[in-house]
Protein chains: 2
Amino acid sequence: MKWDTLDEEPCSLSRTIAVVGDRWTLLILRECFLRVRRFEAFQSSLQITRHLLSERLKKLVRFGILRRVPYSEAPKRYEYILTQKGLDLYPIIMAMVHWGDTHMGDERGRPLLHEHKNCGKLFDPVMVCSECGEVLHAKQVHVHAGPGQREAVG
Amino acid sequence: MKWDTLDEEPCSLSRTIAVVGDRWTLLILRECFLRVRRFEAFQSSLQITRHLLSERLKKLVRFGILRRVPYSEAPKRYEYILTQKGLDLYPIIMAMVHWGDTHMGDERGRPLLHEHKNCGKLFDPVMVCSECGEVLHAKQVHVHAGPGQREAVG
DNA sequence: TTTGACAGTTCTATTTTAGAACTATAGCCT
DNA sequence: AGGCTATAGTTCTAAAATAGAACTGTCAAA
C-alpha cells in the first residue's frame with residue numbers, strides 16, 4: 001500500500017483514512033472539538049511528543065481540516081481552528097465515542113455525557129437513512145459501484 | 001502515550017482508537033462488511049503484508065470484533081466473521097465513507113453508492129439525536145463529565 | 001539581565017511496518 | 001509414489017515511523 005497516495009484511491013473510506021487514519025490525529029481532533037486551539041495545550045493534554053504534534057497539525061492544515069490563525073503579532077503565534085471540513089468530522093468522532101461507550105465501557109460508567117442543546121436532553125448519536133429516516137443497519141444496505149469506481153476500474 | 005493500555009483510558013474515543021485506530025484495521029473491516037471472510041481474500045484484495053494481516057486479525061478476534069470459525073476440518077481452515085460488536089462498527093465506517101464522499105471526492109464521482117433495502121433508495125448516512133431526532137451538529141452539543149471521568153480523576 | 005511562556009526543530013533510540021521467502025497440511029493428477 | 005496447487009499462516013531483514021529528550025528563537029515581565 002502506498003500511504004502517500006491513499007487520498008486518491010477510488011474508495012471514500014481510504015481517502016478518509018488518509019487523513020484521520022492514525023492514532024494521534026483523531027485524539028488531536030477530539031481536543032479541537034473540546035475547544036483546544038494552541039500547541040502547548042494540545043501537547044500537555046495529550047502527552048504527545050512535540051515532534052509528532054507539529055507534524056500532525058501541519059498535515060491537518062494541509063488537508064484543510066484546521067486553519068492556522070495568528071492570535072499574536074509579536075511574537076508571531078498561531079492557533080488552530082476547525083474549518084467546516086473539520087467540523088464535518090464530528091459524526092465520525094461521535095460514532096466512535098458511541099461505540100466505545102457501548103462496547104468498551106467498564107464499571108466506572110461513561111467518561112462523558114452529551115447534551116443536545118436543541119432539546120435539552122442527554123442523548124446518543126444514531127445513524128439514520130437520509131431518505132426514510134430509519135435507523136441504519138449493515139445488513140439492510142446494498143452496495144453498488146458508483147461512477148468513480150467504474151472509471152477507476154474500466 | 002502507552003498504546004498497550006489505551007483501551008482502559010477514561011475516554012470512549014481512546015478506547016475505540018485502541019481497536020480501530022490504525023490504517024489497516026478499518027480497511028480490513030471494510031472488506032468484512034463487503035462479505036470477505038478468508039485470509040487469502042483479505043490479503044489479495046488489500047495488498048497488505050501477510051504478517052500484518054495475521055497480526056490484525058488476531059487483534060480483532062481478541063477484542064471480540066471478529067470470530068474465527070472453522071470451515072474445513074482437514075486441513076484445519078478458518079474464516080473470520082463479524083460479531084455483533086463488529087457489526088456495530090458500521091456507523092463509524094459509514095460516517096467515514098460519507099465524509100470522504102463529501103470532502104475528498106474527485107471528478108470521477110463516488111466510488112460506491114448505497115441503497116437502503118427498507119426504502120429502496122440511494123441514501124447518505126445522517127447522524128441524529130436519539131432523543132429528538134434532529135440532525136446533530138458539533139456546536140449544538142454540550143459535554144458534561146460522566147461518572148467514568150469523575151471516578152478516574154477524583 | 002535574567003527568567004519564563006510559547007511554538008516549534010533537531011537528534012538518537014526504539015518500535016512498527018514492508019517485502020520477500022519459508023513452513024505446514026492436504027487434495028488432486030499422472 | 002512423486003510432484004503440483006491451494007490455503008493459512010510464520011520468520012527474517014530492511015526501511016519507515018514514533019518516542020523521548022534536548023535545543024532554538026522571539027518577546028514580555030520582573
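Here is the naming used below: chain letters follow the sequence lines, and residue numbers restart at 1 for every chain. Just the heavy atoms: all of them, side chains too, but no hydrogens, waters or symmetry mates, feed the values below.
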Practice task
Mind listing the residues from residues 5-16 of chain A sitting with a heavy atom below 4.0 Å of DNA chain C? Number order is fine.
Solution key: none
Exercise for the section: Look only at the side chain of A:T16 and the backbone of B:G100, and say whether a donor-acceptor pair between them is shorter than 3.5 Å. Expected result: yes
Handout entry: Residues that B:R37 engages under side chain to side chain donor-acceptor pair (under 3.5 Å), provided they are two or more places apart
Key = none
Exercise for the section: Considering only NZ, NE, NH1 and NH2 on the basic side and carboxylate oxygens on the acidic side, decide whether B:E40 and B:R77 come within less than 4.0 Å. Expected result: no
Problem - Donor-acceptor contact below 3.5 Å, side chain A:T83 vs main chain A:R67 - result: no
Exercise for the section: May I ask you to check whether A:Y80 and A:R68 show a side-chain donor-acceptor distance below 3.5 Å? Expected result: yes
Exercise for the section: Please tell me if the side chains of A:L29 and A:L82 come closer than 4.5 Å, counting only heavy atoms from C-beta onward. Expected result: yes
Exercise for the section: Describe, as an angle rounded to 10 degrees, how the axis at the first end of the helix from C:dT1-D:dA30 to C:dT30-D:dA1 is tilted relative to the axis at the last end, five pairs per end. Expected result: 10°
Handout entry: Contact pattern, 5' to 3', of nucleotides 16-22 of chain D - B, S or - by protein heavy atom under 4.0 Å
Key = --SBB-B
Handout entry: Hydrophobic cluster (4.5 angstrom, side-chain heavy atoms) - remaining members for A:V128
Key = A:V126, A:V135, B:V126, B:V128, B:V135
Practice task
Sort and list the pairs that fulfil side chain to side chain donor-acceptor pair (under 3.5 Å) and have at least one residue in residues 131-142 of chain A, not counting sequence neighbours.
Solution key: A:E134-B:N118
Fill in the blank from the handout: What residues 62-82 of chain B contributes to the DNA chain D interface at heavy-atom separation below 4.0 Å is B:R68, B:Y71, B:R77, B:Y78, B:Y80
Fill in the blank from the handout: Across all chains, not counting sequence neighbours, the side chain to side chain contact (heavy atoms under 4.5 Å, CB included) partners of A:R56 are A:D22, A:W24, A:T25, A:I28, A:L52
Handout entry: Interface with DNA chain D, restricted to residues 29-39 of chain A and to heavy atoms under 4.0 Å
Key = none
Practice task
Just grab all the ring pair (Phe, Tyr, Trp, His ring centres under 6.0 Å) pairs involving residues 81-136 of chain B, residues at least two apart or on different chains.
Solution key: B:F33-B:Y90, B:W99-B:H103, B:H116-B:F123
Handout entry: Residue pairs passing the salt bridge (charged side-chain N to carboxylate O under 4.0 Å, His left out) test where at least one lies in residues 7-20 of chain B, sequence neighbours excluded
Key = A:D106-B:R15, B:K2-B:E9
Completion exercise
Hits for salt bridge (charged side-chain N to carboxylate O under 4.0 Å, His left out) against B:E107, two or more places apart or cross-chain, chain-then-number order -> none
Handout entry: Under 3.5 Å: donor-acceptor pair, side chain of B:R30, backbone of B:I93
Key = no
